[in-house]
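Reviewing the structure listed below.
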Amino acid sequence: AKDKFRVAWSIYVGWMPWGYGEQAGIVKKWGDKYGIDIEVVQINDYIESINQYTAGAFDACVMTNMDALTIPAAGGVDSTALIVGDFSNGNDGIVLKDKSTLADIKGQSVNLVELSVSHYLLARALDSIGASEQDLTVVNTSDADMVAAYASPDVTAVVTWNPLLSEILAMPNANKVFDSSRIPGEIIDMLVVNSDTLKANPKLGKALTGAWFEIMATMSKDDAAGIAARTEMAKASGTDMAGYDAQLATTKMFYNAADAVAFTQSADLVQTMAHVAKFSFDHGLLGEGAADAGFIGMAFPGGKTLGDGANTKLRFDATYMQLAADGKL
Amino acid sequence: MARIAFNNVWKEYGDQVVLERLNLTVGDGEFCTVVGASGCGKTTFLRMLLGQESPTRGRILLDGEPLPAEPGRDRGIVFQRYSVFPHLTVLNNVLLGLELKDAPLTARLFGRARRQARDKAIQMLDAVGLGQALDKYPSALSGGMQQRLALAQSLVMEPRILLLDEPFGALDPGIRSDMHRLVLDLWRKLGLTVFMITHDLEEGFYLGTRLLVFDKLRVDPQAPGAYGASITYDLPVGATERRLYEDIRDDVRATPRALAAAVDAAG
Amino acid sequence: MARIAFNNVWKEYGDQVVLERLNLTVGDGEFCTVVGASGCGKTTFLRMLLGQESPTRGRILLDGEPLPAEPGRDRGIVFQRYSVFPHLTVLNNVLLGLELKDAPLTARLFGRARRQARDKAIQMLDAVGLGQALDKYPSALSGGMQQRLALAQSLVMEPRILLLDEPFGALDPGIRSDMHRLVLDLWRKLGLTVFMITHDLEEGFYLGTRLLVFDKLRVDPQAPGAYGASITYDLPVGATERRLYEDIRDDVRATPRALAAAVDAAG
Amino acid sequence: MKRLINLRPSRSTGILLGLLPFVVLLVVYLAGSQARLADNPNDKLLPAFSSLGDAVERMALEPSKRSGDILLWTDTAASLQRLGLGVGISALIGLVFGVALGTVPYLRAGLSPLVSSLSLIPPLALLPILFIVFGLGELSKVVLIVFGVAPFIIRDLQQRAQELPAELLVKAQTLGASTWQIILRVVVPQLLPRLLDAVRLSLGAAWLFLIAAEAIAATDGLGYRIFLVRRYLAMDVVLPYVVWITLLAYLTDLLLRIASRRAFRWYHQLNGEGN
Amino acid sequence: MKRLINLRPSRSTGILLGLLPFVVLLVVYLAGSQARLADNPNDKLLPAFSSLGDAVERMALEPSKRSGDILLWTDTAASLQRLGLGVGISALIGLVFGVALGTVPYLRAGLSPLVSSLSLIPPLALLPILFIVFGLGELSKVVLIVFGVAPFIIRDLQQRAQELPAELLVKAQTLGASTWQIILRVVVPQLLPRLLDAVRLSLGAAWLFLIAAEAIAATDGLGYRIFLVRRYLAMDVVLPYVVWITLLAYLTDLLLRIASRRAFRWYHQLNGEGN
Ligand SMILES: Nc1ncnc2c1ncn2[C@@H]1O[C@H](COP(=O)(O)OP(=O)(O)OP(=O)(O)O)[C@@H](O)[C@H]1O
Ligand SMILES: Nc1ncnc2c1ncn2[C@@H]1O[C@H](COP(=O)(O)OP(=O)(O)OP(=O)(O)O)[C@@H](O)[C@H]1O
Ligand SMILES: [Mg+2]
Ligand SMILES: [Mg+2]
């Protein structure tokens, strides 16, 4: 077994703790405890970080449930969701300019990051009003330019996430017509680890989980240490404490390991992943070899599975979080 | 009446006096050749005649009027190089001036006007011996042919004054003497006033009716730019000298083959 | 013993025959001038001597051995242009060859070796009259000075054969005659074998001990490339003709001032 | 033994030598691909040739399930249109301003510093402003190309116009030409082939800006596709697209070169390129 | 009245004319900014000069609360280091390969087609591959610059080496020079000033690639900062950064120009630029 590991993260409200953990030495502390060396690397471009992980440059990487399925898992890299950090509870939303109901989106050009969770959110929103993607035009737009895009006159509808969402909502005539709080628990932010690496190095799982929930404990409090931690995270993501707290308010953080365990073990997660698999298959994200949405097998706690068991590539594993909940790390 | 008069003309660039105290009267139809050391101001003299530069002091008169401060149709020029337009065929090079004159806006002629201009241009080209190369681009011409073209291009505009700045400096000796014949011919036929700069004194003597020598009379070794050149000699060149020179020249020049044959026969 | 021998040499480019049936023997210390129409193959002839081209048929012998197939130190050359290195000062241009010889790897000399080479180079530069311009770059030299430099650069390597391809074609007539004197001087002093191409028959006559005329004897109008040029005349040039020519020349050539003064005095 | 500098390969040897590095690259790719696929048969980073072939077939021959279009062609058409518009407009701007600045001293004094400054600004940094001013549609993509390429062409043509031998301009004046006539008959015709040269030189940059613009907001185009499928690491699509773009870049260059040779024979004769 | 083409502004008029468009731009900006701010006092697109001043003060003078560094300087240092490395390596590669390909026919036959093909690939399309092959560290940023710039420099120098008058190479051989000596004493010294020219020409592209690379993976650098704050449309930071980058680009160019003039006097004399 090796003793040096690399973890990639990118700037997003639910992942800022990793940057803080690195900077405050918490990750190092837990690495030392298990006799391993963990390097935490920040990558601006979220997709690039997942690609790097998929190509094998990193042992672990933060990503959403959907991207975990469509990139590493579809790419044949057996991956395990080690830590379920939060789900989006209003952090992703659909904004219309001058219009105020979701149904008005029909016939418009909608700017979003195509094939991302925004796209998924849109699909779910359309489901809810019995519409489909045929009723509108999707324009792929880079997340970095979403705010500028919205400011331009010919953009009338966007789907995006925080902090871009709040920036856009601050502009005149912006109306949020749908957000992820309407599909709670479906957009999940996780830390994904290469399953083989994890199997060979349980210490890695323990160190990362231990570090994460220590950070959670610190930042969830409103004492001086908690405020200091959140201020750090706010600065690192380019906003201030108030802005960051606003983002946290629409994010269901699992500060408590037990909550995360419960969420991972619930049957809803299987249902969610079934939705995600269908969406991904419909959009060709599972690769050309995929015959149906079940092409990639998924395993859940308690022996539940989804899809082709012979091709299980994505595993939701609560054991390490359980250890944290039990205080055994 | 005098065509051109220089009245005490000085030309300075900043501190440097290039030409000083030029006084000169040139009548209709004269052929002035200009010689002088390199850098003494011959080209500057020509540029003032052209209107590209104006005198720092003094006045240049053309038919009693101040000389226009810009180049114009009445004064043609041929430089040592770059006198023809590389993007136009031989014919179009000569046609250009005629088109510019008659079509101020489009600078192109069509129909009958074009045919007339074309005829005129071809006539001129025949005169300089380029009648067979109408559709060639200048890059396909030899150096001598390019200079003929430049001449034709200027002359078709019927300028009153023709300025030549070392027009044959880049040509081979053999071709050069052909060009001399041509220039003398055209000058006689068209009754032009010609100013021609040359580095080659022989050429200056051979061609001109009048030889202007530019030189610095005063030199201050501490300040080389303090004094300018002026016309130190202004000589009429008689027909006799020219004959003499031609005779000498013909003795020396002959085609290799003929010459070798002569030697052969003798040996 | 003959230094150079051409034995029935032909040179063809594809279908085009450029030179045919060259037979020639040139002894030590001869000064061959080469004339001929443009494009007849003079430069090709020189390039074969240089080793840049090899004959299609026949053999070229140097002291009885086949000529090396590459340019080398024993055959110096001066072209019409681009014969000196623009990035080196006058001194370094001449030093270069010496450095190349003695420092195969670094191509630079230091210390005593450099001082010795330097002395030799300066001596050579003095001989061509460039002793005062050691630290100038070629771009600051006149055309004539550049050609002197090119000569010095070749001669400091003590070549046995010196090849000159229209070396003075781009120079003004006055400067040209200075160069003639210089070349004759060096040729006599160093006992070189010289081949010099020129467009100027006068020059050919004036300089050489032997004049080679290249020409096509046979021409097929249907296939202009079917026959090549060869040496149609191979004339010894006596000292008398040279004197004669010099006399004539001196009559015609003089500095403007002196000449004008003479006319002045006469008039 | 001749000096290395004097040894020239024969025509056929030369061609073989030129192919060699490509063969080596292919072999290296194949080896890498096989090694990775042996490790993980689903690996997407270096797909096998068969997967590449499948992807090419899918993109270039079969209509997309979603839109019914054949993606490669719609992407190519969209990109080429943007490129053509962007480069065409840049060329026009470049010609007009390059000629004007190169010929008229007053204009040059007034505008040349501005153009120089503009040419130094990295256009990518200005994207947000471009979007807001020009919207997110086709216009902004074309504008990005123009913004990235036109200052270069202007400066190049201005330079070339200033390099025209002064003798030619004087000569034209002695033929009675006005400023307008000089521009029309002397400067512009002589700069047209150089405009083509400048366009050829700036095509690389134009492709770059095109791809950047399409990566940021688009619904089709070659750059759009590459950055979209990058989301799921579909290198089997990315690699053929990159090769295709390279080929297109080569072909556009070739076309311009041939066009220039046809249209401006005098220019190529002048530069000793034969006819 | 003289022709327009013959009218030259005096020195001072020229300078005033040159400043005019900048003043106009400033005024237009101010007007736009005021109009937008009057509409929406929180508008971020065209910040007032006072906000720009604040942002400059914050970025350039005050240490960041987070890291204690002064951001503008650490960003500048990081970017310049990458740029310097990338361009430096490209120059070195360009010189070595350019000279080798331009001088030795066998090498040229073998490698020239490869280099030409490489120079046609738009590096941005390769970005995903580059990052995966070279990782996300400093290396990949430098490699992107090298990949984008080196083929251009190689081709330019190869071309220049081939354009050296054949006479010079023959002359060197008649002085007894071997291939190595010719390269060392004739070809390289003559190409060095052209290398500087080529580097100057490719600096624009280098900045572009640097910014693109920093936008994807970096924790500091000018491109990173712009990218980071772009998400919030913080134009009060973006605009000063853009101006700063433009200034840096101008200064590097100026520096190279002066260096070239100092080091290669012969070259600038030859091109008639005086000394
Ligand atoms: N625009 C200018 N600005 C400053 N000095 C100039 C300018 N034009 C010419 N000179 C100077 O004026 C002097 C004369 O130059 P001019 O070109 O008239 O000489 P020239 O007799 O034609 O020489 P050449 O025989 O070499 O052609 C030179 O010393 C030159 O440096
Ligand atoms: N490398 C080559 N390939 C094909 N043809 C060539 C080559 N070099 C020269 N020629 C041809 O050989 C002929 C002779 O050329 P060469 O340069 O020897 O003539 P020249 O007598 O030196 O002419 P000039 O007096 O103009 O210098 C020309 O027709 C030329 O086209
Ligand atoms: Mg002059
Ligand atoms: Mg020749």
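Every chain is numbered from 1, with letters handed out A, B, ... down the list of sequences.
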| message | Take a 6.0 Å sphere around OH of D/Tyr250 and say whether it holds more than 12 heavy atoms from other residues, nucleotides or ligands. | response |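 Result for OH/D/Tyr250: open.
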| If you count the non-hydrogen atoms of other residues, nucleotides and ligands that lie under 6.0 Å from CZ in A/Phe281, is the total more than 12? |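 Check passes, neighbour count above 12.
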| message | Under a 3.5 Å distance rule, please check whether D/Arg230 uses its side chain to pair with a backbone N or O of A/Asn51 as donor and acceptor. | response |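 Absent.
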For the interface with chain D, which of [options] has the highest count of heavy-atom pairs at distances below 4.5 Å?
options: A/Gly56, A/Ala74, A/Pro153; value: A/Ala74
options: A/Leu286, A/Thr70, A/Leu285; value: A/Leu285
options: A/Asp154, A/Asn311, A/Asn140, A/Ile71; value: A/Asn140

Of the backbone (N, CA, C, O) and the side chain (C-beta and beyond), which part of [X] lies under 4.5 Å from a heavy atom of chain D, both, or neither?
X: A/Val155; result: side chain
X: A/Asp78; result: neither
X: A/Tyr46; result: side chain
X: A/Ser116; result: both
X: A/Asp45; result: side chain
X: A/Val138; result: backbone

| request: Could you have a look at D/Ile216, D/Val133, D/Leu130, D/Asn40 and say which one has the most heavy-atom pairs with chain A under 4.5 angstrom? | output: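 Ranked by heavy-atom pairs under 4.5 Å with chain A, first place is D/Ile216.
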| message | Which atoms of D/Ala234 are under 4.5 Å from chain A, going by heavy atoms: the side chain, the backbone, both sets, or neither? | response |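 Looking at D/Ala234, nothing touches chain A.
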| said: Please classify the contact between D/Leu45 and chain A as side chain, backbone, both or neither, with a heavy-atom cut-off of under 4.5 Å. | reply: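 For D/Leu45, side-chain heavy atoms alone lie under 4.5 Å from chain A.
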| Minimum heavy-atom distance between D/Ala215 and A/Ser142, given as atom pair plus value |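 Smallest interatomic distance, heavy atoms only, reads O-CB, 4.1 Å.
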| field | Residues from residues 134-155 of chain D approaching chain A under 4.5 Å (heavy atoms) | value |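 Only D/Gly135, D/Leu136, D/Gly137 of residues 134-155 of chain D have a heavy atom under 4.5 Å from chain A.
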Please list every donor-acceptor pair under 3.5 Å in which a side-chain atom of residues 121-129 of chain D meets a protein atom from a residue at least two apart or in another chain.
none

